[in-house]
Amino acid sequence: MPEGHVTHRLAAGMTERFAGGPVRSTSPQGRFADEAAELDGHRFRSAQAYGKNLFVHIGDRSVHVHLGLLGKLTFAEPDPDTDLRPVVGQIRWRLENDRHYADLRGPQACQLIDAAGITAVTERLGPDPLREDADPDAGWAVVHPSATPIGLLLMDQRVAAGVGNIFRAEVLYRHRIDPTMAGRLLRRAEWDAIWTDLVGLMHDAVVRGRIDTVRPEHDPVATGRAPRVDRHGGEVYVYRRADQPCLVCGTPVRTKEFGGRNLFWCPRCQRTSRRRVPVGSSAR
DNA sequence: TCTGGATGTTCAT
DNA sequence: TGAACCTCCAGAG
């Protein structure tokens with residue numbers, strides 16, 4: 001489930017379980033064996049998330065993890081009687097201490113990285129709504145002059161690091177914005193509202209461990225329509241609800257490949273008729 | 001048992 | 001713009 005909230009949860013989970021003590025580091029699958037051996041026995045210092053990137057600091061080394069579309073990092077505790085820690089599936093990296101172990105499977109990136117490398121990664125990223133130091137102006141600077149549709153811009157990690165396909169679809173729905181509208185037609189006030197909403201939704205997702213975007217006033221009980229709990233575990237308005245009725249207006253939700261990913265939106269709720277705004281105007 | 005899809009990104013053309 | 005890569009699981013047959 002790798003949107004930004006997942007990475008932040010994992011960073012917190014790793015820090016909680018391992019920080020301060022030595023860790024055993026192995027690569028049961030073998031593809032990270034040499035690097036894992038370099039970390040073995042050293043003290044786990046911290047884990048930090050930036051967007052969908054996870055940086056794990058052990059001893060004087062750091063590891064860069066990116067889960068990609070398929071990667072998973074899971075926590076488990078050994079059997080209390082036998083201390084059994086079964087190896088299930090392809091485990092790229094296992095980190096463990098006496099009480100816990102963490103297994104990383106199928107990551108897009110898992111590699112040792114130095115300070116310059118970390119800087120290079122984070123400099124490619126825009127503001128992360130889950131970080132205190134996030135500056136939404138940096139995202140606006142990408143969106144504001146762009147002729148690219150807002151539905152594509154929101155997947156650009158320079159606009160908002162950590163936003164993925166679910167948050168893109170849901171936040172645009174919540175603000176009734178047509179995903180095909182050019183970024184430069186978005187008003188500053190709308191961007192500010194989107195940003196504020198992302199901050200709230202993503203923080204909420206970190207706490208809950210799932211993405212819930214359906215607001216109480218549109219609760220299925222109130223609308224009389226069945227709730228949609230997606231396979232990712234959360235309640236959503238449009239994500240993966242193609243051809244099903246919009247929870248608010250009943251119009252069938254549409255889907256289309258957009259930016260190489262399936263976008264979902266309500267063609268009725270998300271109609272934005274707007275005249276072209278000249279690039280450079282404040283558009284407030 | 002097999003196939004296709006999936007919350008992502010990078011690289012080659 | 002499309003292919004490649006990584007792994008798991010739901011659904012079809």
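Reckoned from all heavy atoms, side chains included, excluding hydrogens, waters and symmetry mates.
Comparing the same atom, P, in dG11(C) and in dT7(B) gives a spacing of 15 Å after rounding to whole Å. With both ends at atom P, the span from dC6(C) to dA12(B) equals 16 Å, rounded to whole Å. Spacing of C1' atoms, dC9(C) relative to dT9(B), comes out at 22 Å, to the nearest Å.
With hydrogens and angles disregarded, no donor-acceptor distance shorter than 3.5 Å links the side chain of Gln29(A) to the backbone of Trp93(A).
Atoms CZ (Arg124(A)) and P (dT9(B)) sit 10 Å apart, rounded to a whole Å. For Glu170(A) and dT7(B), the CD to P distance is 12 Å, given to the nearest whole Å. Protein atom CG of Asn165(A) is 15 Å distant from nucleotide atom P of dG5(B), rounded to whole Å. The CG atom of Asp156(A) sits 13 Å away from the P atom of dG8(B) (whole-angstrom rounding). Regarding Leu10(A), its CG atom lies at a distance of 13 Å from the C1' atom of dT7(B), rounded to whole Å. The nearest whole Å value for the distance from the OH atom in Tyr50(A) to the C1' atom in dT9(B) is 18 Å. For Glu235(A) and dT7(B), the CD to C1' distance is 17 Å, given to the nearest whole Å. With rounding to whole Å, Met155(A) atom CE is found 16 Å from dT1(C) atom P.
Hydrophobic clustering of Ile, Leu, Val, Met, Phe, Trp and Tyr side chains at less than 4.5 Å, counting indirect connections, unites Leu201(A) with Leu130(A). Residues Ile118(A) and Phe32(A) do not share a hydrophobic cluster, defined by chaining ILVMFWY side chains whose heavy atoms lie under 4.5 Å apart. One hydrophobic cluster, built from ILVMFWY side chains closer than 4.5 Å, holds both Val214(A) and Tyr173(A).
Residues that satisfy the side-chain hydrogen bond (donor to acceptor under 3.5 Å, both in side chains) test with Asp178(A), not counting sequence neighbours, are Thr180(A).
Note that CZ of Phe264(A) is 14.5 Å distant from SG of Cys246(A), once rounded to the nearest 0.5 Å.
Within the 4.5 Å cutoff, no side-chain heavy atoms of Pro2(A) are placed close to those of Thr7(A).
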For nucleotides 6-8 of chain C, which of its nitrogen or oxygen atoms have a protein nitrogen or oxygen under 3.5 Å away, and what is each distance?
unit_1 : atom_1 : unit_2    : atom_2 : d
dC6(C) : OP1    : Arg31(A)  : NH1    : 3.0
dC6(C) : OP1    : Arg31(A)  : NH2    : 3.4
dT7(C) : OP1    : Gln29(A)  : NE2    : 2.7
dC8(C) : OP1    : Arg105(A) : NE     : 3.4

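The phosphate of dT7(B) has OP1 or OP2 within less than 4.0 Å of a side-chain N or O from Arg261(A). Phosphate proximity of dA6(B) to Asn262(A): present, with a side-chain N or O under 4.0 Å from OP1 or OP2.
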